Amino acid sequence: MGEEKELRVRRIKNGTVIDHITAGQALNVIKILGLPDASEGVVSILLNSPGEHGKKDVVKIENRELKVTEVDRIALIAPNATINIIRNFNVSQKKKVHIPEFMEGVIRCINPNCISNSNEPITSKFNVTVDDDRPKLRCTYCGRVISENIAKHLL
Amino acid sequence: MIFKDHHIISMTSFSKDMIDHILETAEKMEPIALGKQKSDLLSGKVLAVLFFEPSTRTRMSFETAMYRLGGDVLNLGSVDASSIAKGETLADTIRVVDSYADAIVLRHPREGAAFLASEFSTVPILNAGDGAGHHPTQTLLDLYTIKRQSHLDGLKIALAGDLKYGRTVHSLCYALSLYGAQITMISPPELRMPEEIINDLENRGAKVTEVESIEEAIGDVDVLYMTRIQKERFPDPAEYQKVANRLKITTDLLKDAKQELRIMHPLPRVNEIHPDVDDTVHACYFKQAFYGVPVRMALVALVLGAIE
Ligand SMILES: [Zn+2]
């Protein structure tokens with residue numbers, strides 16, 4: 001089994017492994033993190049990988065250690081994701097993602113008449129609250145709330 | 001209480017104390033608004049009035065407020081003739097105009113425009129309506145009307161008409177919840193106030209009842225707040241007529257009302273209030289329109305720091 005996994009995606013020597021991504025969200029995670037543009041190293045994606053709690057996605061980024069602040073943004077679509085910083089094949093740090101209270105420039109407001117959806121020189125802004133474990137984004141400009149299908153509204 | 005340099009964007013940022021302070025200041029402005037007393041409180045100050053969609057009354061009300069206090073007004077003029085038609089962003093317009101004026105009144109068709117303006121402006125922004133968003137000066141003048149013509153504490157108010165889409169009604173209800181008002185909602189089922197807002201109001205201390213006709217509420221309330229029902233909300237014109245006829249106030253209906261009942265309407269009205277009602281003691285919608293002036297005088301003077 002272990003060998004089989006090795007063949008699917010190789011271990012990385014240095015970099016970041018984002019594990020336990022909600023199955024199906026890996027490509028959105030890549031998008032939110034601005035990869036691969038944000039990193040020169042190899043980025044590998046594993047979709048629908050069998051995990052202890054059902055299927056999950058995994059993203060491995062070689063030779064780049066992501067900062068917690070940049071990774072927390074993915075909590076909106078992958079709330080159970082864990083961040084593993086790998087140094088010399090070992091996990092040197094392991095962290096859970098946390099939903100940030102404020103979010104800038106990741107999501108588009110669902111109100112077509114919102115000023116943030118016009119050609120103004122601004123990025124979208126949301127105040128984030130968590131209701132029953134589900135994130136709720138309130139547009140700082142127009143007040144409209146997004147609570148469902150957040151991944152559909154990525155910029 | 002310090003209001004100097006504050007933006008007036010939405011009612012949600014006001015505490016009850018802040019509202020009370022604005023209304024008390026407005027009361028002091030009333031003799032000046034009536035032209036009985038002269039003032040040069042804002043002499044040398046310039047108010048820019050940027051209306052990206054027409055709303056003549058609101059604009060005139062702000063302009064007269066500024067003139068009555070001895071200040072000057074810069075008007076953007078018609079939108080077509082200005083740089084907006086050339087595709088300039090609101091952010092750029094604000095960054096230019098804030099160097100000409102001490103405060104900016106903004107009306108804009110998009111929600112969130114006033115907040116955006118406040119991010120770019122070095123002078124206070126007064127939101128005079130942003131799309132279906134906020135219109136705080138309307139709410140404050142409604143509250144002022146209730147204070148002057150009735151009472152805010154222990155108020156029983158009925159709101160009739162389009163309670164689903166009417167932003168002024170939502171904003172007024174939120175403010176009234178700060179005063180623990182008893183609110184009766186009168187609307188056809190298709191224009192009911194959204195459940196989420198009713199829950200919010202109750203959580204904030206208001207008591208809410210819902211009925212479908214004015215008759216059911218008129219006997220008990222201190223204020224009846226009428227609003228327009230827009231034809232566009234009804235695909236079937238016959239259905240619109242039916243609803244519009246049911247939510248119409250006539251002198252006949254007023255027989256059951258208390259002597260102290262006051263009827264309000266943000267104007268312009270269509271058929272919601274029969275002209276015969278104008279001559280009764282209950283009518284106070286024209287007074288309400290006037291009250292916009294002292295309220296806006298108070299706001300402009302407060303944000304400019306001319307008074308505290
Ligand atoms: Zn928005």
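Numbered from 1 within each chain, the chains take letters A, B, ... in sequence-line order. All values reported here derive from a predicted model rather than from experimental measurement.
Ion pairing between a basic and an acidic side chain is recognised when a charged N comes within 4.0 Å of a carboxylate O; B:E119 and A:K125 show such pairing.
Within the structure, the salt bridge (charged side-chain N to carboxylate O under 4.0 Å, His left out) test picks out the following pairs touching residues 1-16 of chain B (sequence neighbours left out): B:K16-B:D20. Within the structure, the salt bridge (charged side-chain N to carboxylate O under 4.0 Å, His left out) test picks out the following pairs touching residues 92-102 of chain B (sequence neighbours left out): B:D92-B:R95.
At least one donor-acceptor pair closer than 3.5 Å links the side chain of A:E120 to the backbone N or O of B:L90. Judged by distance alone, with hydrogens and angles left aside, the side-chain atoms of B:D130 form no donor-acceptor pair with the main-chain N or O of A:Y141 at under 3.5 Å.
Considering CG of A:N119 and OG1 of B:T89, their distance stands at 6.5 Å, rounded to 0.5 Å. Taken to the nearest 0.5 Å, the CZ atom of B:R110 stands 4.5 Å off from the OG atom of A:S118. Interatomic distance, A:I115 CD1 to B:F115 CZ, rounded to the nearest 0.5 Å: 12.0 Å.
Crowding of B:R233 atom CZ: a count of heavy atoms from other residues, nucleotides or ligands under 6.0 Å exceeding 12. Within a 6.0 Å sphere centred on CZ of B:R167, other residues, nucleotides and ligands contribute more than 12 heavy atoms.
Chosen from A:C109, A:G143, A:P121, A:S116, the residue pairing most often with chain B at heavy-atom distances under 4.5 Å is A:P121. The most heavy-atom pairs under 4.5 Å with chain A, out of B:A132, B:A113, B:G133, come from B:A113.
Contacts between residues 78-103 of chain A and chain B, defined by a heavy-atom separation under 4.5 Å, are made by no residue at all.
For B:H108, the part sitting under 4.5 Å from any heavy atom of chain A is the side chain, from C-beta outward, and nothing else.
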Give every donor-acceptor pair under 3.5 Å between a side-chain atom in residues 144-155 of chain A and any protein atom, sequence neighbours left out.
none

